[in-house]
Amino acid sequence: MSTTPEYAVPARVDSPERHPAPKSPLARWMLAQRVQPVGPESEEAHAKPQAWWKVMCLTGVDYFSTLSYLPGIAVLAAGALSPLATLLIVALTLLGMLPMYRRVAHESPHGQGSVAMLEDLLPFWRGKIFVLVLLGFVATSWIITITLSAADASVHALENPYVPESLHGTEMIVTIVLLLILGGVFLMGFSEAVGVAIPLVGVFLLLNAVVAVVGLGKLIAEPASVQSWLDALTAGGGGFSGVIGPAILAFPALVLGLSGFETGVSMMPLVKAEGDTPEKQLESRVRNTRKLLTAAALIMSVYLIATSLITTVLVPQDKVAPGGPANGRALAYLAHELLGEAFGTVYDISSILILWFAGASAMAGLINIVPRYLPSYGMAPEWGRAVRPVVLVYTAICILITVIFKADVNAQAGAYATGILAMMVSGSIAVTISAWRHKQRGATIGFTVLTLILLYALAENVIEKPDGITISAGFILGIVVISLISRVSRTTELRVDAIEFDEPARRFITDTIAHDGAITLIANRRQAGDKAEYDAKEAEQRGMNPVPGAADVIFLEIDITDPSQFSNVLCVRGVEVDGHRVLRANAPAAPNAIAAILLALRDATGVRPHAHFEWSEGSPLGHLFRYLILGRGDTPPVVREILRTADEDPARRPGIHVG
């Protein structure tokens with residue numbers, strides 16, 4: 001009867017790095033909710049999952065709120081051709097954006113969005129820098145969404161005819177107050193944010209339906225106004241090209257009505273799923289997210305067509321011009337004109353609330369996607385995974401942006417459009433590459449056309465509002481600089497999630513302790529990996545370091561895989577080469593892996609290990625640079641510093657000997 005052998009070290013040892021639990025109730029509350037890293041672990045959401053239609057309401061506060069201003073923008077940009085330009089947007093939504101993000105949801109189901117699909121295109125540091133650039137555009141889009149929406153809500157509030165004249169000019173104060181309230185909602189929790197979003201979206205869509213139905217009824221009752229619009233539509237001559245050409249030119253100004261899809265896929269881990277296995281739950285989550293995206297696209301398409309038609313026909317052109325009473329608020333103007341001041345005021349209040357809370361979907365997106373990358377890269381503090389501290393940081397940044405731009409909606413519009421369009425372009429490129437790799441010819445052609453359309457819109461926006469790309473570049477530079485500073489400051493962390501030992505490795509450790517009650521390791525950077533190399537290395541170390549003559553030695557080798565990674569699960573393998581026992585592991589950085597293995601062996605066996613090294617030749621600064629970029633340099637002093645940081649008691653630290 002066979003029995004499992006008893007080894008001195010278990011198959012898996014948790015990371016020796018200890019994060020002391022917060023002592024104060026406030027600190028425990030601040031760090032209670034945490035976003036999981038990229039990968040299957042992110043199935044564990046930082047909040048209670050919600051039904052897909054509830055999450056749609058949270059993502060929809062941004063998407064649906066564009067009804068407050070998009071019809072007016074369409075009339076201003078395209079005039080009588082506004083409904084045709086809007087039809088182009090609807091076609092792009094249903095035939096391009098919806099299939100694109102349904103595919104993103106399937107191929108990036110853990111909430112990383114199209115960023116994760118593009119991350120694998122470039123290896124090592126190039127991939128990390130690429131992701132940081134994409135995150136810079138994400139931050140631009142979502143931070144500016146928060147500030148612009150709050151500023152727009154302030155404008156809508158202060159332009160209501162019932163607001164006292166004395167409050168005019170206080171847009172910045174009102175905007176900052178709205179941002180503080182928004183941050184407070186997310187400090188309470190994701191479920192509370194969803195609870196606020198549902199009634200806001202429901203009431204806003206209902207009020208817009210009333211305005212749309214009454215407006216369409218007026219068009220039916222007054223066919224002369226429709227005929228006047230048709231006459232204006234064909235007044236320029238030129239036939240079909242004379243109509244569709246200007247509509248295409250006006251199209252880039254309306255692409256902003258497509259915002260909200262990326263936040264939908266970023267919140268996938270928070271979508272409730274059914275199933276009795278992780279695989280079935282993941283399939284259910286993808287299906288439910290696709291329902292979310294499809295429902296939002298269909299609802300918005302119907303509203304865009306109806307509201308574009310009634311605003312174009314019923315609102316005089318001079319009213320939507322800058323300074324006019326319908327500028328930026330065409331549907332609100334119609335609500336007052338068609339249904340009276342009381343209903344119009346209710347509509348204004350609903351618009352103000354949903355515009356204010358439109359930033360909630362952007363805040364939720366930031367909370368869900370950024371912490372899945374930066375802390376995992378070592379490019380943000382570990383507390384950057386905690387939701388509430390991150391909310392405070394984002395709220396502070398939003399207030400700073402509001403002060404810099406003086407709560408001016410127009411001043412932020414360029415950055416808003418640039419960020420959103422850059423995210424859409426990255427998504428379309430990702431799905432195009434995916435379709436090409438899967439040899440799906442039709443999908444590849446369709447997504448290529450979509451990419452070209454979005455690139456056209458992005459180029460037009462950059463040409464018209466070059467300040468947008470400048471602001472985006474500022475966000476990108478800020479993220480890169482802060483990330484690199486964080487990466488350097490975290491170099492002395494152990495950087496392992498856990499250490500796993502295979503059976504030969506466990507046997508080697510058990511045998512060496514049984515031999516002399518000690519663990520004596522010789523660090524080796526493998527060259528040929530043959531008997532001659534290990535013979536020479538052992539003789540060298542016994543000659544230069546205090547290795548007792550009868551000591552039983554084991555070699556320890558770390559192979560660098562991807563030095564741009566920050567942490568991983570360390571898998572230690574035992575290998576025997578002509579009588580020499582070797583422990584081998586793959587890791588992003590050699591010193592951190594060696595320190596983690598030494599501490600894990602100490603904690604698991606109760607024996608204080610001793611590791612023997614040889615000094616490296618060369619400049620200390622050169623070694624430091626190689627360690628930061630390539631994961632190896634002059635290893636012994638770095639290992640010693642990591643051990644000193646991890647354990648304050650010198651008597652308990654593993655011994656480091658260098659000759």
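Given the structure is predicted, the values throughout are model-derived calculations rather than measurements.
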Mark yes or no for whether Ser350, through its side chain, and Val346, through its backbone, hold a donor-acceptor pair below 3.5 Å. no

I'd like to check the side-chain hydrogen bond (donor to acceptor under 3.5 Å, both in side chains) partners of Thr307; sequence neighbours left out, ordered by chain and number. none

With sequence neighbours excluded, what pairs up with Thr175 under the side-chain hydrogen bond (donor to acceptor under 3.5 Å, both in side chains) test? Ser154

Please indicate whether Ile173 has more than 12 foreign heavy atoms, meaning atoms of other residues, nucleotides or ligands, lying under 6.0 Å from its CD1. no

Short question: side chain of Gln281, backbone of Gly275 - any donor-acceptor pair under 3.5 Å? yes

Once side-chain hydrogen bond (donor to acceptor under 3.5 Å, both in side chains) is applied, do any residues pair with Tyr394, and if so which ones, sequence neighbours excluded? none

If you take all heavy atoms of Met363 and Thr395, which pair is closest and at what distance? CE-OG1, 3.9 Å

Could you pull out all donor-acceptor pairs under 3.5 Å where a side-chain atom in residues 193-201 meets a protein atom, sequence neighbours excluded?
none

How close do Ala330 and Val315 get, heavy atom to heavy atom, and via which atoms? O-CG2, 4.4 Å

With side-chain contact (heavy atoms from CB on, under 4.5 Å) as the test, would you mind laying out the steps for Leu134 and Met423 before giving the verdict? CA-CA 7 Å; Leu134 290 180; Met423 288 168 59; over 6 Å; no

In short, side-chain hydrogen bond (donor to acceptor under 3.5 Å, both in side chains) pairs touching residues 427-436 with sequence neighbours left out are Arg103-Ser434, Glu107-Ser434, Ser428-Thr451, Thr432-Thr451

Checking Val431, Ile433, Ile429 against Phe447 for side-chain contact (heavy atoms from CB on, under 4.5 Å), the one that qualifies is Val431

Listing request: all side-chain hydrogen bond (donor to acceptor under 3.5 Å, both in side chains) pairs with a residue in residues 199-215, at least two apart in sequence or in separate chains. Asn208-Tyr347

Phe204 side chain near Ser68 side chain, heavy-atom distance below 4.5 Å: yes

Can you find a heavy atom in the side chain of Val226 that is under 4.5 Å from one in the side chain of Glu222? no

Minimal non-hydrogen separation, Leu450 against Gly96, with atom names: CD2-O, 3.6 Å

Scanning both residues in full, the closest heavy-atom pair of Gly215 with Ile310 reads C-CG2, 3.7 Å

Are the side chain of Ser141 and the backbone N or O of Val138 linked by a donor-acceptor pair below 3.5 Å? no

